[in-house]
Each structure stands twice: as C-alpha cells, then as structure tokens.
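Below: one structure, written as structure tokens.
No hydrogens, no waters, no symmetry mates; every other heavy atom, side chains included, goes into these values. Read the numbers this way: they start at 1 and go in the same order the structure lists the ligands and their atoms.
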Amino acid sequence: MNDELILLKCGEISLKGLNRRRFESILLSNLRHRLRRVGSFSCQILQSTVTVSCLEQDPPEALLLGAPSLMDRAYDECLRVFGFVSAVRARGCPKELPLICELAAEYLREPLSRARTFKVESKRADKSFPYPSPQISAEVGAFVLSRFPHLKVDVHNPDFTVHVEVRDHLAFVHGDADPAAGGLPVSSSGRGTLMLSGGIDSPVAGYLMARRGLRVDAVHFHSFPYTGERARQKVEELARLVGRYAGDVDFFVVPFTHVQEVLRDTCSPEYFTILTRRFMVRITEAIALSRESGCLITGESLGQVASQTLEGLLATNCVAQRLPILRPLIGMDKEDIVAISRKIGTFETSIEPYEDCCALFSPKHPKTKPKLPELEREEAKLDVEGLVREAVEGTQLTLLRYGRD
Ligand code: ATP
Ligand code: MG
C-alpha cells in the first residue's frame, strides 16, 4: 500500500441534484476501468471528491530503471478522465493539528525547500473539527516556518501554497492542484456517432463531444484502392488517440468506392462533393440507428470549405431524418481547432499526408450554394437506398479497447 493518494474534484456533476448518484456511478466506473490497466487501485467518492489510492507496491526493478511509478501512471490517466475539474497528489493523516503540521513539513519538503515564499490555505469540510480554517493555516504556517527558516510568508503571490483539507475521515495535505479534463463522464449523455476523416477537425470534434458525456463510435469512409491501407490505418490511429480521452471507441470502416464511382459517372461534377456528403450522412445515420446512438458528430466549421456554407449544411442536415447532427466546431477558427488538436495529441497524426476520399474526383468548381431541388434532381438518377444499404452491409467494425491493444 502506497501512502500517497490522488484527490480528484468533480466538476459539473456536483450540480446534478437528483441525478447526481447516476453521474457519480458512471464517473467511478469510468475511472476504475481506466486505472485497471495501470494496477490495483481503490477509488472512493465523498463530498464531490474522489480519493484514489494504490493497493500495490511498485516493483523494485521498475524503480531502479527510473520508470514512472504506479502513482505517476495513475495520475496521468486521471487527468484524461472527463468529469473532474482538478487533480492533485496528496497525503492524509488523522485529524490532529500536530500531525497535520508534521505531515505538511515532511511531505512537501522538496517544494518548500525550493520556494522563497509560501502561504497556507486551509479548508474544513468537517465542521466538527475544533479549529476554524484561519487558525489551521496559522498553526501550520508557523510550524513550516520553524522547519524552513529561509521561507517568508506571502499571502498574495507565494512561490508555493500548502493546502490543508480537513475532511470526514482524514486530513489531507498537498500543493496546488492541476486542471483536469473537465466535462461530463463519458456515456452519461448517451452515445454519438462521429464521422471521422483523417483531417485535423473531426478528431477534435469527437474529443469535444466525449467531453460532454457521449460515448463515441467513429465511422470512416474509405475508397479503396483510391485511398490506401495506410490512410485507413492513420484514421484508426486517430480513433485510438481520441480514445485516450473517450475510452473505448467502436471504429467502423465503410466501403465507399462504389458510391463515389456511381456519383462520378452519373451526376453533374459540380455537385459531386455535396452529394458525397449527403451519402455519408445517410450511411452514418443508418449505422448510428443500429447502435442506439442519439446523434451524428462532424468536424465542420462554418465557411471553412465549399461544403460548409449554410446552404451546404442545410443540404446535409435534411438527409438525416431521425438524428441531430452535432457540429461542436461550427463557430471555431482553424487556429483554435489546431490548438486543441495539439493539446490532445492528434495533430501530428492528422497532418500525415494520406489522402481522404473527399479529395477524390472532387470538381474544380464545387457548388458553394447548392439548391435542394437541384440535388434531389441529381439523386433521382440513382438508387439511393440500394447504395446506402450496400455500403452499410459492407461496413467493418473494429473494437478499439482503450489500453488493451
Ligand atoms: P477534417 O479536418 O476533419 O477532415 P475538413 O475541414 O477536411 O475536416 P471536410 O473534408 O469538408 O472538412 O469534412 C467535413 C467533415 O465531414 C469532417 O470533419 C468529418 O466529420 C466528415 N468527413 C469528411 N471526410 C470523411 C471521411 N472520409 N470519413 C468520415 N467522415 C468524413
Ligand atoms: Mg477532411
């Protein structure tokens, strides 16, 4: 048993009133699932804070080799679990002031030795604890000063802050917390079906919607042999990277060559791109409905390319008959999207130069303001339902299980 702990503060779910129990149980189950790949941990929730403790010792040979400890790895995982606003490593002791003082000086020895100024902030969640917060801070502060005489108190802009939390069972001591992943626990909002290309945008869209509590299925349209095996692998890798936050991702690859060839051979070239999009939406909706998914998700952003004008969006919206299309990037600039993509680690893979099927057969002058009657006239030349059915039937599913492959 390792005596260091991780404290995770719940975010929005603390506001969920009657639903809170349900959210907390999903959150804990996601966290436990996540930590199982690292080792044996116990996770308890109390007063909107989850305490994670490690139930095994680090193997001595791993420590000798300088490998990250079980706690280091668990902490890294915790920072990517949606539903927590902050995370910090801490140690606990019985709720007695002298013990709290000793613990602060001992556990935080290193940062306190490095700092020139410090302050103590205390919180008393257990109101039966006999000392009010300012008194706890004053006592711990005086003790720290006696042990680290080089330090000065600075309550406004300290180099280091000692935090003391007196909670129900124990008192905890720690430094400043790190921001955690935020959002709502994955699955608490249901399931969504992400249209995942190999570009920068759609992985970010998947991440953002997982952050709002959706479990994410990913659907990729692949036009073999025009788009090669490496292109498919790249998108699978992106789905895995999204899974570092979203957890398990079910990854669907739709054979799209026949649809695109039929469109190329039958329809007017200027409509090619938007008609392609309409087929993608129909096929994705059919897959989504078979999975009890409640929405489609795309990486579209208003005005970014010819098919993402208001008219283009209308043309794709109206073929989704039963599910809403969520477009979390709709109001974002490319540079904001790139910043998120770098932060979540998908950018480097997204910019690998493999063609997406959208670039295939694409016309020099795509229609930027397609009219619905014109699109419907073009589609009247095709067996739309048959093409959708054929594509859905040929779809291949790979279960990407986070941490297990
Ligand atoms: P991205 O960077 O995500 O590729 P983009 O700016 O290149 O987006 P488009 O190529 O116009 O935009 O695609 C718009 C959206 O359509 C994508 O964000 C994605 O959701 C979906 N999409 C495009 N191509 C595919 C594909 N091959 N498979 C699945 N979805 C796709
Ligand atoms: Mg694209």
Side-chain angles (χ1 to χ4, degrees), residues 192-209 216-224 226-228 230-239 241-242 249-257 259-260 263 272-288 295-309 311-313 315-317 319-320 323-330 332-342 344 346-363 366-368 370 391-392 395-396:
T193 308
L194 169 68
M195 296 169 63
L196 183 63
S197 70
I200 295 169
D201 304 330
S202 43
V204 172
Y207 158 83
L208 287 174
M209 293 322 300
V216 172
D217 287 348
V219 174
H220 177 62
F221 291 85
H222 187 52
S223 286
F224 192 78
Y226 302 105
T227 53
R230 278 295 288 124
R232 195 200 66 79
Q233 281 171 6
K234 166 187 163 176
V235 182
E236 181 173 323
E237 175 60 16
L238 285 173
L241 291 172
V242 171
V249 172
D250 293 357
F251 178 58
F252 296 83
V253 176
V254 181
F256 206 43
T257 319
V259 171
Q260 289 200 293
L263 287 174
F272 179 83
T273 310
I274 199 77
L275 292 172
T276 303
R277 285 262 173 281
R278 278 162 68 93
F279 270 94
M280 284 185 176
V281 168
R282 288 186 182 101
I283 294 164
T284 307
E285 187 180 42
I287 295 171
C295 64
L296 275 49
I297 304 164
T298 76
E300 289 161 306
S301 159
L302 188 62
Q304 196 189 77
V305 290
S307 58
Q308 296 175 25
T309 57
E311 291 78 2
L313 298 177
T316 46
N317 255 7
V319 292
L323 298 180
I325 304 180
L326 304 188
R327 300 178 169 97
L329 313 184
I330 198 69
M332 289 172 73
D333 288 354
K334 193 74 183 188
E335 53 190 286
D336 303 331
I337 302 169
V338 166
I340 300 178
S341 152
R342 286 187 192 279
I344 64 174
T346 51
F347 183 76
E348 293 303 326
T349 306
S350 286
I351 59 173
E352 284 176 15
Y354 296 101
E355 288 245 301
D356 186 64
C357 68
C358 288
L360 270 190
F361 317 136
S362 63
K367 275 263 182 210
T368 53
V392 172
T395 294
Q396 286 185 344

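Where the criterion is an N or O separation shorter than 3.5 Å, residue side chain and backbone included, Gln304 meets it with respect to ligand 1. Residue Ile297 has no N or O atom closer than 3.5 Å to an N or O atom of ligand 1. Considering backbone and side-chain atoms alike, Phe221 places an N or O below 3.5 Å from some N or O of ligand 1. For ligand 1, the polar-atom distance check finds no N/O of Pro203 at less than 3.5 Å from any of the ligand's N/O atoms.
Taking 4.0 Å as the cut-off between side-chain N and carboxylate O, Lys234 and Glu352 do not count as a salt-bridged pair.
Within ligand 1, counting atoms from 1 as listed, the ones closer than 4.0 Å to a heavy atom of Ile200 are 2 (O). Annotation for ligand 1: atoms under 4.0 Å from non-hydrogen atoms of Arg277 are 9 (P), 10 (O), 11 (O), 13 (O), 14 (C), 16 (O), 23 (C). Counting atoms of ligand 1 from 1 in the listed order, those under 4.0 Å from a heavy atom of Gly199 are 1 (P), 2 (O), 4 (O). With ligand atoms numbered from 1 in the order given, ligand 1 contributes 20 (O) to contacts under 4.0 Å with heavy atoms of Thr298.
Judged purely by distance below 3.5 Å, without hydrogens or angles, the side chains of Arg327 and Thr316 pair a donor atom with an acceptor atom. At a cut-off of 3.5 Å, with distance as the only test, a side-chain donor of Ser202 or Ser197 sits close to an acceptor on the other residue.
In Leu196, the part holding a heavy atom less than 4.0 Å from any atom of ligand 1 is the backbone. Residue-level proximity to ligand 1 for Val305 is carried by the side chain, the only part with a heavy atom below 4.0 angstrom. Under 4.0 angstrom from ligand 1, the non-hydrogen atoms of Val219 all belong to its backbone.
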Are Thr349 and Glu237 close enough, and set up right, to give a side-chain hydrogen bond (donor to acceptor under 3.5 Å, both in side chains), and what steps lead you there?
-> CA-CA 8 Å; Thr349 306; Glu237 175 60 16; 4.9 Å; no
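Residues Leu323 and Ala288 approach most closely at CD1-CB, 3.6 Å, considering heavy atoms.
With Asp201, Leu329, Leu296 as candidates, the residue nearest to atom 2 (O) of ligand 1 on a non-hydrogen basis is Asp201.
When side chains are defined from C-beta on, Ile200 counts as touching Val338, because their heavy atoms get closer than 4.5 Å. Side-chain contact between Thr284 and Phe221 is present, with heavy atoms from C-beta onward closer than 4.5 Å.
Not a single heavy atom of His222 sits closer than 4.0 Å to an atom of ligand 1.
How far CG of Asn317 is from CZ of Arg278: 11.0 Å, rounded to the nearest 0.5 Å.
The ring of Tyr226 has its center closer than 6.0 angstrom to the ring center of Phe361.
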